[in-house]
Each structure stands twice: as C-alpha cells, then as structure tokens.
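The structure's right below; bear with me while I get my questions together.
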Amino acid sequence: SLLLKLSPGKIHGVIYPDHFYYKDSDINEICRAYLKKNATYIVTTEKDYVKLEGKYPRELPFFYLKIKSVIWDAAGEKKGFDILLSEMLQ
C-alpha cells in the first residue's frame, strides 16, 4: 500500500472494506486501537476521512493521504485526468 511505501516506523492497522459505513462502534474501535498501540497518528484515506470528519474526538491526531488520480493514455503515457481530458477535447 502507499502508506507502506512511505516507510513509517510502525503500522498498526484497523482495516475496513471499501465503501464502508462507519458506525459509532467502528470509530470507538479505531480510537481504542490508537490508545492501546500508543500510536502517534491515525491515518486514513481522503475518502474515508470525509466520512469520519466530526465523528472522532478532536484531540486525536487524525490525518489522511491525499489522493491524485492518474490515467495512462493509449500510448502508455501517464497523464493527469485534467490534461488527458483537455487533449481529448481538442
């Protein structure tokens, strides 16, 4: 995963499936894991951060990984979505 590529000292994960709806009990599980593991940060995806924002204690150091979409064109070149779309509309 991207987080592993960033080479943090330790990773302790609480993993949920894609498109997961977070209940209060799930948020409590994340908070308990943070405290039990004496973690420095809680890190999630940008998409899940939006779902969790305002539902966790504000004193917790909650962060997300910003996501940038990249698309490969027919020639196999990596392009940003906005550039590719602009080229297609010309």
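These figures come from a predicted structure and were not determined experimentally.
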Please round to the nearest 0.5 Å and tell me the distance separating atom OG1 of T45 and atom NZ of K51.
7.5 Å

Distance col, row D48:CG vs Y22:OH, nearest 0.5 angstrom, shows 3.5 Å

Could you pull out all residues at least two apart from E29 that satisfy salt bridge (charged side-chain N to carboxylate O under 4.0 Å, His left out)?
none

List for me each residue that meets salt bridge (charged side-chain N to carboxylate O under 4.0 Å, His left out) alongside D26, sequence neighbours excluded, and say none if there are none.
none

Going through the distances and angles, do I30 and Y16 end up as a side-chain contact (heavy atoms from CB on, under 4.5 Å)?
CA-CA 11 Å; I30 294 168; Y16 297 97; 3.8 Å; yes

Please identify each residue that fulfils side chain to side chain donor-acceptor pair (under 3.5 Å) with Y56, with sequence neighbours left out.
Y49, R58

Residues which pass side chain to side chain donor-acceptor pair (under 3.5 Å) with Y64, listed by chain and number, not counting sequence neighbours:
none

Using the test ring pair (Phe, Tyr, Trp, His ring centres under 6.0 Å), find all partners of F63 that sit at least two apart in sequence or belong to another chain.
Y41

In Å and rounded to the nearest 0.5 Å, what is the CD1 to CG distance from I42 to L52?
9.0 Å

Pairwise side-chain hydrogen bond (donor to acceptor under 3.5 Å, both in side chains) hits with a residue in residues 30-40, at least two apart
none

Partners meeting side chain to side chain donor-acceptor pair (under 3.5 Å) with K55 (sequence neighbours left out):
none

Give a yes or no on whether F62 and V14 share a hydrophobic cluster (residues Ile, Leu, Val, Met, Phe, Trp, Tyr; joining criterion: side-chain heavy atoms under 4.5 Å apart).
yes

List the residues meeting side chain to side chain donor-acceptor pair (under 3.5 Å) with D18, not counting sequence neighbours, and say none if there are none.
K47

Residues forming a ring pair (Phe, Tyr, Trp, His ring centres under 6.0 Å) with Y21, sequence neighbours excluded
none

